[in-house]
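Notes to accompany the following structure.
Any value given below was found using the heavy atoms of this structure, including those in side chains, with hydrogens, waters and symmetry copies removed. A note on names: the letters A, B, ... follow the listed sequences, proteins ahead of strands, and every chain is numbered from 1.
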Protein chains: 2
Amino acid sequence: MAELPLAPVKRVIKNAGADRVSDDAVEAMRDLLEDRAEDLAKEAKQYANHADRKTVKKEDVRAAK
Amino acid sequence: MAELPLAPVKRVIKNAGADRVSDDAVEAMRDLLEDRAEDLAKEAKQYANHADRKTVKKEDVRAAK
């Protein structure tokens with residue numbers, strides 16, 4: 001949990017046009033992204049398993065999208 | 001673009017149970033997350049503007065969810 005670093009998440013928010021961003025907004029965004037990544041990763045793994053592979057590949061992530 | 005570093009994204013995928021992950025799978029996941037972050041950030045900024053604030057706060061990110 002909490003693998004994604006905050007500084008790049010903050011940059012993404014600022015790049016989207018925000019003048020200022022509170023620290024807890026950055027943390028909230030990080031948590032949302034990480035939850036989404038976990039869901040996608042589990043689904044991607046399931047696709048890889050279904051294709052009899054142990055390696056999760058790009059097409060598995062795309063399929064899980 | 002491409003603000004999020006790959007190593008923590010890879011850890012999130014491995015934490016979700018993947019034994020092995022290809023490099024392009026990690027990049028695909030990073031791109032998906034970054035697109036999602038951009039969409040959420042734009043919507044969060046709109047919520048902040050709507051509340052007459054220049055600072056994007058946690059409640060704006062939550063509202064955009």
Side-chain angles (χ1 to χ4, degrees):
Chain A
M1 302 300 144
E3 294 284 0
L4 300 177
L6 294 172
V9 172
K10 185 171 185 175
R11 284 198 295 275
V12 173
I13 303 175
K14 298 206 102 181
N15 290 348
D19 298 317
R20 285 181 295 180
V21 191
S22 74
D23 288 347
D24 60 3
V26 179
E27 285 167 26
M29 178 72 82
R30 191 262 313 276
D31 292 346
L32 283 180
L33 294 178
E34 201 142 323
D35 286 349
R36 178 86 179 122
E38 282 172 25
D39 289 346
L40 283 171
K42 283 176 191 161
E43 207 174 329
K45 183 184 186 304
Q46 204 165 350
Y47 274 104
N49 288 351
H50 193 73
D52 285 324
R53 280 187 277 97
K54 285 195 174 301
T55 303
V56 172
K57 298 173 93 171
K58 180 167 70 173
E59 61 249 43
D60 303 317
V61 173
R62 292 276 163 78
K65 187 180 169 180
Chain B
M1 300 294 149
E3 294 285 359
L4 300 177
L6 293 171
V9 172
K10 185 172 185 174
R11 283 198 295 275
V12 173
I13 302 175
K14 297 205 103 179
N15 289 347
D19 297 317
R20 284 180 297 178
V21 191
S22 74
D23 288 346
D24 60 2
V26 179
E27 285 167 26
M29 177 72 82
R30 190 264 311 275
D31 293 345
L32 283 181
L33 293 178
E34 201 142 321
D35 286 348
R36 177 87 177 123
E38 282 172 24
D39 289 345
L40 283 170
K42 283 177 191 162
E43 207 175 329
K45 183 185 184 303
Q46 203 164 350
Y47 273 104
N49 288 351
H50 193 72
D52 285 324
R53 280 187 275 97
K54 285 197 175 300
T55 303
V56 171
K57 298 173 93 170
K58 180 168 71 176
E59 61 249 44
D60 303 316
V61 174
R62 292 276 161 80
K65 187 181 168 181

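Although no hydrogens or angles enter the test, the distance criterion places no donor-acceptor pair under 3.5 Å between the side chain of A:Arg30 and the main chain of A:Leu6. Panel note: side chain B:Lys57, backbone A:Val21; no donor-acceptor pair is recorded below 3.5 Å.
Surrounding CD of A:Glu59 are more than 12 heavy atoms belonging to other residues, nucleotides or ligands, all under 6.0 Å away.
Options A:Asp19, A:Asp39, A:Val26 differ in how many heavy-atom pairs under 4.5 Å they form with chain B, and the most are formed by A:Asp19. Counting heavy-atom pairs under 4.5 Å between each of B:Ile13, B:Asp31, B:Asp60, B:Leu33 and chain A puts B:Leu33 at the top. Taking chain A as the reference chain and counting heavy-atom pairs below 4.5 Å, the highest number among B:Ala64, B:Ala37, B:Ala44, B:Ala18 is found for B:Ala37. By number of non-hydrogen pairs under 4.5 angstrom with chain B, the leading residue of A:Pro5, A:Ser22, A:Ala16 is A:Ser22.
With a 4.5 Å cut-off on non-hydrogen atoms, A:Val9 touches chain B through its backbone and its side chain both. Of the atoms belonging to B:Lys45, it is side-chain heavy atoms, and not backbone ones, that fall under 4.5 Å from chain A.
If you take CD on B:Glu38 and CG on A:Asn15, they are separated by 7.5 Å, rounding to the nearest 0.5 Å.
In plain terms, the two heavy atoms of B:Arg11 and A:Glu3 that are nearest each other are NE-OE1, 2.6 Å.
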